[in-house]
Every structure is written in structure tokens, then in C-alpha cells.
Colleague: 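Take this structure first; my questions come after.
Throughout, protein chains are lettered first and strands after them, A, B, ... in sequence-line order, and every chain is numbered starting at 1.
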2 protein chains.
Amino acid sequence: MELSQRKEKILAAVVEHYIKTGEPVGSKTLLSALDITVSSATIRNEMAELAALGYLEQPHTSAGRIPTNEGYRYYVDNLMGVRPLDDSVKRQIEAGVSLKNASPEAILAKASEFLADMTDCAAVSTTPSGENATIKRIEFVPVGTRTGMIVLLTSTGVIKSKVCRSDVDLNSSMIEKFYNIVKSSFLGLPLDDIDTATLQTLVASMGADALTMIPFVSAVSELAQEAMRTMVMLGGQSNILRYREDYGTTAYELMDFLRRGEPISQLLANSKADLDVKIGGENKFKQLENSSVIMAHYNIDGDNRGSIGIIGPTRIDYASLIPSVRYLTDLVGELLTQTLNED
Amino acid sequence: MELSQRKEKILAAVVEHYIKTGEPVGSKTLLSALDITVSSATIRNEMAELAALGYLEQPHTSAGRIPTNEGYRYYVDNLMGVRPLDDSVKRQIEAGVSLKNASPEAILAKASEFLADMTDCAAVSTTPSGENATIKRIEFVPVGTRTGMIVLLTSTGVIKSKVCRSDVDLNSSMIEKFYNIVKSSFLGLPLDDIDTATLQTLVASMGADALTMIPFVSAVSELAQEAMRTMVMLGGQSNILRYREDYGTTAYELMDFLRRGEPISQLLANSKADLDVKIGGENKFKQLENSSVIMAHYNIDGDNRGSIGIIGPTRIDYASLIPSVRYLTDLVGELLTQTLNED
DNA sequence: GTTAGCACTCTTTTAAGTCGAGTGCTAACT
DNA sequence: AGTTAGCACTCGACTTAAAAGAGTGCTAAC
């Protein structure tokens with residue numbers, strides 16, 4: 001659908017004004033905001049046509065126009081000027097995510113917290129997917145006579161630990177056996193290769209040692225499960241209250257939706273594009289009917305590994321927020337790549 | 001301040017009715033809720049006196065009475081029947097906090113989440129204070145040619161890890177030296193004994209090895225700092241919206257207050273009593289002017305170690321929530337004690 | 001194709017009036 | 001002295017009416 005240049009100008013102005021004020025915008029307001037030398041009547045005509053095309057709508061007969069989801073979409077796809085980020089903003093973002101020697105979880109948690117503060121939206125991020133991760137290292141740290149702590153380190157830098165309780169007193173030969181099993185059967189193994197079937201054949205192959213080793217092996221398997229699960233980091237839920245009246249659903253429902261990480265991670269994972277903007281109903285979830293999501297993927301070693309995004313009202317400031325999310329996400333990707341390659 | 005038995009009965013009825021409905025309660029309503037055989041006029045007289053004493057107040061001239069903070073206080077201290085918990089509730093709580101082989105952090109996070117769901121309030125918990133914790137174990141896990149991961153385990157079950165980057169390539173003698181230092185200088189040491197002064201004397205005593213060992217030692221010190229810092233676990237922020245109109249401050253301010261863990265941990269730490277109820281302005285923080293906090297301490301090995309609490313409107317249901325918080329907190333204490341002693 | 005003008009629509013604001021819950025007070029009663 | 005019925009009074013909540021204001025759509029002229 002091609003629009004005349006003037007229509008585009010008007011649509012852009014409506015979107016931008018509405019984003020800024022939250023008020024329906026009328027023909028006169030538009031006139032002063034626009035550098036076009038036409039009368040308000042002309043603008044009214046144009047707006048009527050834009051409304052007929054589905055880009056604008058009226059809350060009620062005698063109010064100004066507000067963009068429809070399609071209007072926003074057209075604006076984001078064709079009209080929005082993607083001005084490059086200000087250097088000061090860049091530096092601000094850099095300062096916001098830099099964390100020395102931190103774990104991936106900590107970096108991502110910090111990133112969503114910071115992004116939320118910066119954008120006044122709720123922000124989410126997911127930890128790197130465990131899909132292509134392998135087991136890099138497993139350590140056993142004895143703690144008591146029958147207990148020890150197993151520490152698992154993945155190729156994506158995730159570290160998980162778990163207390164493991166043996167059925168008999170520990171001794172050095174057991175520990176040695178455990179390390180042998182680790183070496184022969186776990187190290188370098190993709191996380192998602194560890195399922196009950198492979199575990200069973202492994203246990204079967206251990207013969208007499210099986211009984212004493214089972215707690216260790218199953219602990220490792222549980223750790224692998226945990227390490228594979230992508231976690232959702234949430235930040236700035238309180239910002240939802242900032243634009244309360246813009247979210248169609250009640251603020252409560254939205255917050256509740258965010259709290260359950262599951263749908264969020266689905267939301268973020270479903271998008272294939274490098275940077276994705278979902279406007280209103282474009283999201284599958286009805287709780288997000290009146291919300292927009294701006295999300296980007298970060299890469300580790302060039303591999304698409306996880307996402308960072310913000311959730312705001314549909315009248316979110318796309319033009320300035322999209323570059324910010326993009327920049328921050330790239331930065332986090334670099335940071336994570338760097339952290340992991342130093343290991 | 002001693003109140004006549006009838007006044008107490010009336011005060012209790014007002015408090016309980018207001019807690020239940022949120023509406024100011026008048027003399028006639030009270031009459032039917034009370035098993036006293038007096039007229040509404042008598043009740044009015046009594047209520048007027050209770051108001052003069054500062055236990056009740058009127059939102060406006062022609063409305064019923066609501067309790068003042070002093071009224072709630074008197075109710076909580078003298079009137080509230082502390083009926084023992086229902087067995088079904090107990091079992092529910094037990095199911096809510098039980099988590100096998102979990103870290104203290106996970107247990108506490110789960111506990112506040114569960115408590116929030118159960119009480120419809122926001123819930124908080126703090127991780128065990130590092131005050132009396134000692135270093136139980138330190139492990140070095142080599143990961144790259146110059147990097148490794150240091151894992152620190154405290155006597156309170158906290159596990160922290162950090163990447164450590166050496167200035168020169170790692171070799172086994174360095175690692176051995178590190179373990180010697182750990183053994184002689186760190187193991188068993190209280191976390192709060194590790195300050196820059198002791199570190200400096202330690203480094204000084206190492207002579208020629210100082211240079212290569214500094215990254216390791218300082219990583220250990222950072223880990224100790226981290227392990228000592230009590231963390232605040234937050235749950236059920238969205239519940240704040242449930243009683244939005246009851247919180248004097250805006251919901252936003254309150255959520256924002258919760259988000260910064262610092263004041264919360266101060267709040268919880270400041271109370272010395274085993275179980276503490278702070279009503280409205282009794283809290284130092286102005287964001288909590290119209291909120292009540294019910295908090296309890298959990299003990300590990302009989303030692304007061306951390307707190308769990310809920311934050312709700314002043315018209316929170318003290319009588320039934322206090323025992324719940326108490327029970328859950330005790331349970332968590334037992335669980336943590338058990339988890340730690342098994343190690 | 002553009003524009004001035006104007007009637008029309010619909011929300012928001014303001015004002016006024018009514019209703020009702022609940023009180024405080026007085027005077028009588030036990 | 002304590003209790004109670006009765007009643008005037010207060011003040012918010014709700015209803016209705018009217019006025020104001022913003023903005024449109026349409027028509028007719030340019």
C-alpha cells in the first residue's frame with residue numbers, strides 16, 4: 001500500500017504527536033506541527049482518507065485521530081527516521097551494561113534492569129539458549145563425609161551447582177571413578193544429549209559401580225537440565241504503572257503475565273528476525289493486545305543465543321527506543337562473547 | 001491504656017469488619033455483628049470515646065469509623081485472637097516451601113513467591129546474614145591457559161563463583177601455592193575478617209609469589225564480599241495492585257521502593273523481636289506510611305540469620321496472616337538448618 | 001484540488017439537587 | 001449513672017441538566 005508523500009507526512013506527524021502526548025490529535029494541532037502550507041480542511045480530508053485506509057481511527061466522533069496498529073506498523077516500516085544514537089546515549093548504555101568478571105546471568109539481569117530504567121518500560125532478557133551448549137567441565141567438591149557439591153560449567157559460561165548425597169561414605173577411589181565417568185561420558189557432550197535413555201545405558205555399562213555412582217550421575221543430569229533451561233530476567237515491572245491507562249488489559253494482568261517467564265521466553269524465541277517489533281495484536285498473547293514489544297537477539301560467537309526486549313504501550317517511542325535496544329543488545333552480545341572466550 | 005471490656009469488643013469488631021470490607025463501619029452495622037444487647041446509640045457513645053482516645057477516626061463527618069494506627073496496634077497487641085493454624089493450611093505451607101537439594105537462595109526465593117501468592121501481599125525475604133559465616137571451602141577450577149574459576153563455599157551454604165584471570169600462564173605449582181594460601185589464611189576465616197588491611201599483610205607475607213598470586217587473592221576477597229552481602233528476594237509485586245486504593249502512597253512509589261533492596265533489608269534487619277508487626281507510620285520509611293509489615297526471623301542452628309516478611313495495607317488480616325508468616329518462617333529455618341548440616 | 005464556513009456530534013466540565021448513611025445531641029427512662 | 005429513642009444535621013455519593021469545547025464532515029465557493 002503506497003501512500004502519497006503528503007499522507008505519509010501527516011501519518012508520521014499523527015503518530016509522533018500521539019506518542020508524545022497520548023492525546024488524540026486534531027487537524028489544527030497538526031497544522032502547527034507540520035511545515036506544510038495547507039489549511040486544516042485539507043488535512044481533515046487527508047486524515048479521513050487515512051482513516052478509511054485503516055491507518056488512523058477516532059476514539060469517538062468528535063475527537064482527533066489516533067494511529068491504528070496498522071498505522072504504527074506503516075510508520076515503523078516506512079516513515080520512522082532511524083537517527084543514529086547520540087554518543088552520550090551510547091556511553092550511557094555502555095556504562096549501564098559493563099560489569100567486570102560477571103556471570104552471564106548477572107550481565108543479563110543488569111542489562112534488563114538498566115534497559116528498564118532507561119526506557120521507562122518493562123524489560124526482559126533471556127539467558128543463552130542451551131541448544132548448542134556443551135559440558136565444559138565438571139568438578140566434585142567434597143563437603144561432608146557423604147555429601148559433596150557438584151559444579152558444572154558449560155561452554156556458554158553457565159555455572160550450576162548442586163549438593164549431592166552419596167549412599168555410602170565417600171572415598172578417593174569413588175571420586176576417581178566419578179571423574180573417569182565424567183571424562184569418558186560427559187565432557188564435551190551437548191547438554192541436550194543427556195536424556196534418560198543415554199543415562200540408562202551409561203549406568204548399565206558401569207556394572208558393579210552403578211549403585212554408588214547413581215547419585216552422582218543423576219545429579220549431573222539434573223544440573224544439565226538446569227543449565228539448559230533458559231531463564232527469563234525481568235526488570236522494571238513498576239514501569240508498567242507509568243503508562244497504566246495505555247495498556248488495554250489491566251496493569252495487574254500484564255504484570256502477572258510478565259511474572260510467569262514461560263510465555264515471555266516463548267515470545268522472544270518465536271521471533272526469527274534480528275530485531276523485531278511486534279505491535280499490539282501482532283503478539284499472540286491477548287494480555288499484550290495493547291502493548292508493543294521491541295526485541296533483539298544477541299549473538300555469542302556469531303551465534304544467535306538469546307534475546308533482550310522491552311514491553312511498552314503501543315504508543316511507545318519506536319524511533320528512539322529501537323536503536324537503543326539494538327545497541328544495548330549488540331553490546332551485551334560482545335560482552336558475553338568476550339567473557340566466554342577469555343575462559 | 002486500659003479499655004473497658006465493652007470498648008474492647010467494639011474496637012475489635014470495628015477492626016475486623018473494616019479489614020474484611022474496607023468500608024467505614026457504622027453503629028448499626030456493628031450492632032448486628034455484635035452479640036451485645038445494647039442500642040446503636042450506646043455504641044455510638046462508645047465509639048465517640050474510642051475516637052477521642054485515638055483508636056478510631058472518621059474519614060468524614062457522616063461516615064462510619066475506621067481504626068487508626070493506634071487502633072490496629074491495640075488490636076494486634078491485646079485483642080486479636082491468635083487461633084492456631086489449620087492443619088490444611090500448615091500442609092499447604094509445607095508443600096509451598098519444600099524444595100529438595102536446593103540452595104538457600106532458591107529456597108528463600110521460592111518462599112517469598114509462595115508467601116506472596118498465599119497472602120495476596122508483596123513478600124520479601126533476606127538471605128542469611130554473612131555476619132557469623134566462615135569460609136568453608138575454596139576451589140580453583142582451571143578453565144583456560146590463564147583463567148580459572150574460583151568457587152567459594154561458606155558455612156551458611158552460600159556458593160559464589162568468579163572468573164579469575166592470571167597475569168601469567170597457569171601451572172601446577174601456582175595452583176598448589178594458591179591452595180596453600182587458602183589453607184593457611186582463608187579456610188575457617190569469618191567472612192567479615194577479610195578486609196583490605198588483612199589482605200595487605202597477607203600479600204606482604206608472600207614475598208616473591210605476591211605478584212602472581214594477587215589476582216587469586218583479590219578474587220577470593222571479592223567473593224567473600226559478595227557472599228556476605230545479604231540479598232533481598234522479592235515476590236508478588238503485582239499484588240500491590242490488588243489493594244491499590246488502600247496504599248496511601250501511589251502503587252508506583254511503593255513498587256519502586258520494593259525494587260531497591262537496600263531499604264528493605266534495612267527494614268527487616270532493624271527489628272530485633274522474633275516476630276514483628278509494624279503498622280503504618282511505625283515504619284520509618286514514608287513510602288510505607290499506609291502499609292503494614294509483618295516479618296519474622298528464621299534461625300539456622302538456633303542463630304538468628306535472616307527474615308521473611310509481607311507488606312500489605314494497614315487493613316491487612318493480622319489475625320490469620322501472622323501465624324502463617326510465623327509458621328512459614330520457622331519452616332524455612334528448619335529447612336535451611338537441615339540443608340546446611342547435611343553438607 | 002483547496003479552502004472557508006458552519007451545523008452537528010459527542011465528551012468533558014460544571015452546577016444543582018436529591019438521597020442516604022451515619023453522626024451528635026437532647027431529653028426521657030430505668 | 002448509664003441507656004435509649006428521637007431528631008436535626010452533615011457530608012459524601014449519585015443523578016440530572018445544562019453549558020462549554022474540541023473536532024469533525026459536508027457544502028459551496030475559489
Colleague: Which nucleotide wins on minimum distance to the side chain of B/Ser62, given the candidates D/dG23, C/dT3, C/dG20?
Modeller: C/dG20
Colleague: Of the options D/dC7, C/dG5, C/dT3, whose atoms approach the side-chain atoms of A/Ser39 most closely?
Modeller: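 The closest nucleotide is C/dT3.
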Colleague: Under a 3.5 Å limit for both distances, which nucleotide forms a Watson-Crick or G-U wobble pair with D/dG12, could you say?
Modeller: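 With both distances under 3.5 Å, D/dG12 matches C/dC19.
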Colleague: Closest to the A/Asn45 side chain: D/dT24, C/dT3, D/dG6?
Modeller: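 Closest nucleotide among those given: C/dT3.
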Colleague: Just how far, in rounded Å, is C1' of D/dA22 from NE2 of A/His60?
Modeller: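 That distance rounds to 8 Å.
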Colleague: Atom CD of A/Gln58 and atom C1' of D/dA22: how far apart are they, to the nearest Å?
Modeller: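 Checked: the CD to C1' distance equals 12 Å.
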Colleague: Can you measure A/Leu31 atom CG to C/dT3 atom C1' for me and round it to whole angstrom units?
Modeller: 12 Å
Colleague: Grab the CG-P distance between B/Leu30 and C/dA21 for me, whole Å please.
Modeller: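 Rounding to the nearest Å, CG of B/Leu30 and P of C/dA21 are 17 Å apart.
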Colleague: Kindly indicate whether the side chain of B/Tyr318, heavy atoms from C-beta on, has any atom under 4.5 Å from the side chain of B/Val15.
Modeller: no
Colleague: Can you tell me the base-pairing partner of D/dA28? Count Watson-Crick or G-U wobble geometry only, both distances below 3.5 Å, and say none if there is no partner.
Modeller: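 Across all strands, the one nucleotide that pairs with D/dA28 is C/dT3.
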Colleague: Remember a base hit wins even if backbone is also touched, and classify A/Ser40 as base, sugar-phosphate or nothing at under 4.0 Å, heavy atoms.
Modeller: nothing
Colleague: Any side-chain N or O of A/Thr42 under 4.0 Å from OP1/OP2 of C/dT3?
Modeller: yes
Colleague: Which nucleotide, C/dC25, C/dG22, D/dT24, lies nearest any side-chain atom of A/Met47?
Modeller: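 Side chain of A/Met47 sits closest to D/dT24.
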Colleague: Do the non-hydrogen side-chain atoms of B/Leu3 and B/Leu50 ever get within less than 4.5 Å of each other?
Modeller: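 Touching, per the 4.5 Å side-chain cut-off.
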Colleague: Considering just the side-chain nitrogens and oxygens of A/Thr61, establish if one lies under 4.0 Å of OP1 or OP2 belonging to D/dG25.
Modeller: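 For A/Thr61, the contact criterion (side-chain N or O under 4.0 Å from OP1 or OP2 of D/dG25) is not met.
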Colleague: Can you find a pair of side-chain heavy atoms, one from B/Asp317 and one from B/Glu16, that are under 4.5 Å apart?
Modeller: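 B/Asp317 does not reach B/Glu16 side chain to side chain.
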Colleague: With a 4.5 Å limit on heavy-atom distance, are the side chains of A/Ile311 and A/Cys121 in contact?
Modeller: no
Colleague: Is any side-chain heavy atom of A/Lys9 closer than 4.5 Å to a side-chain heavy atom of A/Asp35?
Modeller: yes
Colleague: Can you check whether A/Arg65 has a side-chain N or O nearer than 4.0 Å to OP1 or OP2 of D/dG25?
Modeller: yes
Colleague: Are OP1 or OP2 of D/dT3 and a side-chain N or O of B/Arg6 less than 4.0 angstrom apart?
Modeller: yes
